[in-house]
Number of protein chains: 2
Amino acid sequence: MPTKANARQHGTYENLRHEIARQHPDFSDRLRVIAEFALEHPTEMALGTVAEVAQRAKVQPSAIVRFARALGYGGFTELQQVFRSRLVASVPPSYKERITGLRRDGRFQDANNPQAVLTRFASEGMVSLESLQDRVRQADLVRAIELLGAAETIYVLGLGGSFPVAAHLTYVLRKLGRRVVILDGLGSALGDQAASATPADALVAISFRVYNPDTARLFPELVARRLPAISITDSLLSPIVEGASVVFEIPDMPEAALRTMVAPMCLAQTLAVGLTLTLD
Amino acid sequence: MPTKANARQHGTYENLRHEIARQHPDFSDRLRVIAEFALEHPTEMALGTVAEVAQRAKVQPSAIVRFARALGYGGFTELQQVFRSRLVASVPPSYKERITGLRRDGRFQDANNPQAVLTRFASEGMVSLESLQDRVRQADLVRAIELLGAAETIYVLGLGGSFPVAAHLTYVLRKLGRRVVILDGLGSALGDQAASATPADALVAISFRVYNPDTARLFPELVARRLPAISITDSLLSPIVEGASVVFEIPDMPEAALRTMVAPMCLAQTLAVGLTLTLD
DNA sequence: ATGGCCTTAGAATAAACATTCCACGAAGTA
DNA sequence: TACTTCGTGGAATGTTTATTCTAAGGCCAT
């Protein structure tokens, strides 16, 4: 009779692995076969149906269900959830683990504590920087820098919540000796500010949901005038994607409390600095 | 074009993403809703049942199936396979190792490679966020939030390189319903913009070396008029320290290639959000 | 040997599921 | 206004899927 230690906490994949390993010697023949299969093919356990898993493990479907019950689960479906959690944990890089880690530490606990808020934003910022490194492709970076390098004047378009990024990019580019026009809509002269842009120039557009209407309006006009465009946005459905020469997609973190601008800021700065380095 | 044209091969997740984005404008209402949901929640698309996905996307199950067919698949099940492939593709992340690995080996040094620049800035940003969590004292946060909460109008002063931080803070505070005046010196009217500030208001000043002369000039004037001041700066010797009610000191990293604004941005956002939380 | 007990295979069953169908309604056209 | 087309919601449908049940097989102690 296999010991049923119910003190075990269901849920985490690692716990399940150890539990399977622990009970393994006590299992019956079939159950042991399944236990080994489960540890070696966690992905198939996560995605397959009972029949598929049974076939791959060369046992009967009913044996799979018995296996799940022997581990204390109500059935295969419940067990499968644990294997699926492993998949979802690994895909959006590590932020989930990191944040749940913080949550476990207690540092995250009450949102009414200002320090907890700081910890949260800082953590989200770090994670977004981390994923930025993963997502941005070298080729896009090179292409964007080429466009900027060839431009006589660089136009920067970022309104609403994205304006700080535009301001930062403008500041750095000017410090580095570039000719830059920031399209800030001052005096409601947004269109006029960009009136003299030509295909010999370049545009950097920054926009995140909710997309600023003026940005959405001006961007297509500018690309229609054959202005090469570099877009920094959060989705391929954003209004500044179509017609852009290079698109940097920086998706929002699912559970971000409030959009953090750190990743776009960092990318903007990279473009500016990379520009001067490659021209040396 | 950001990526290669629509060579339409089913199977890979990235292709599917672009295909969805491409067809998005032509879709009907419901289909567009689903398209957006699919791009934003690929994990749920991979693991959920039709009914679950439909509920989360707030559409009918039949609409989900129609969506799959519109993309050329036989049904939801076929489409789901593609989303599942994304899950299995990303196996073991282990980021911390990878990043420290990057740092250790030479790829960090070669500054002429744009991707190296990105890696460098992102890493510096992460480090600065980490140290921000350590340095900022709970008491200072609480005090600063109290001051902001008591203020009738919040004045934000950040010029030159610090302007993006000021802009971001202003944006978030206004979104949260605060009355905010940003002292941006537009039309060289810096002094006039702050003329009506009273002790019932509050000032947030942001300045980093090299300190903007206008900031250095205006700040003492305002504190002399008994305006409570919160300073975000990099040194206790900065011109916005003396007379401030709360000082957040965020020292520059010794070898930062170029100042990264991520830590100040993060702190500013914390102040704004913390303000609303404590008032609930 | 043989009776008791546990395990197993496979069919039976019930639940969950994806998919289809149809009627309704809105938007466009003559 | 009347007619057509297309999009949509919701129930009906038929299929897939997990689970349960039962009879039979193997093992061991007596």
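Order of the sequence lines fixes the chain letters, A, B, ..., with proteins taken first and strands second; residue numbering starts at 1 for each chain.
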Q) What closest approach, in Å, do Arg217(A) and Pro220(A) show between heavy atoms, and which atom pair accounts for it? A)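 Heavy-atom minimum between the residues: O-CD, 3.3 Å.
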
**Q.** Leu79(B) versus Tyr73(B), closest heavy-atom pair with distance
**A.**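 Heavy atoms of Leu79(B) and Tyr73(B) come nearest at CD1-CE1, 3.7 Å.
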
Q) For Ser131(A) and Asp134(A), does a side-chain donor sit closer than 3.5 Å to a side-chain acceptor? A)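 Asp134(A) and Ser131(A) do not have a side-chain donor-acceptor pair below 3.5 Å.
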
Between [atom2] on [N] and [atom1] on [X], what's the gap in Å once rounded to a whole number?
X: Gln80(B); N: dA18(C); atom1: CD; atom2: P; answer: 7 Å
X: Phe76(A); N: dC17(C); atom1: CZ; atom2: P; answer: 14 Å
X: Met45(A); N: dA18(D); atom1: CE; atom2: P; answer: 11 Å
X: Asp26(B); N: dG7(D); atom1: CG; atom2: P; answer: 11 Å
X: Phe67(A); N: dT7(C); atom1: CZ; atom2: P; answer: 15 Å
X: Tyr73(B); N: dT19(C); atom1: OH; atom2: P; answer: 13 Å
X: Leu31(B); N: dT8(D); atom1: CG; atom2: P; answer: 7 Å
X: Gln81(B); N: dA18(C); atom1: CD; atom2: P; answer: 12 Å

**Q.** Those residues of residues 55-66 of chain A lying under 4.0 Å from DNA chain D by at least one heavy atom
**A.** Ser62(A), Val65(A)

Q | Phe76(A) vs Phe67(A), side chain to side chain contact (heavy atoms under 4.5 Å, CB included): CA-CA, chis, key distance, verdict | A | CA-CA 8 Å; Phe76(A) 175 70; Phe67(A) 175 71; over 6 Å; no

Q: Consider the side chain of Ser28(A), meaning its heavy atoms from C-beta on, and name the nucleotide among dA18(D), dA18(C), dT7(C) that approaches it most closely.
A: dT7(C)

**Q.** Separation between OH of Tyr171(B) and CG of Leu159(A), rounded to the nearest 0.5 Å
**A.**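 So the OH of Tyr171(B) and the CG of Leu159(A) are separated by 10.5 Å.
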
Q | Ion pair check, Arg17(B) and Glu249(A), cut-off under 4.0 Å | A | yes

Q: Would you indicate, yes or no, if dT16(D) has its OP1 or OP2 atom less than 4.0 angstrom from a side-chain nitrogen or oxygen of Thr49(A)?
A: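 For dT16(D), neither OP1 nor OP2 has a side-chain N or O of Thr49(A) closer than 4.0 Å.
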
Q) Counting any heavy atom closer than 4.0 Å, what does Arg69(B) reach on the DNA or RNA strands: base, sugar-phosphate only, or nothing? A)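 The answer is sugar-phosphate, as Arg69(B) gets under 4.0 Å only of primed atoms, P, OP1 or OP2.
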
Q.
As a quick check of understanding, evaluate side chain to side chain contact (heavy atoms under 4.5 Å, CB included) for Gln269(A) and Leu169(A), giving each step before the final call.
A. CA-CA 6 Å; Gln269(A) 185 167 310; Leu169(A) 177 60; over 6 Å; no

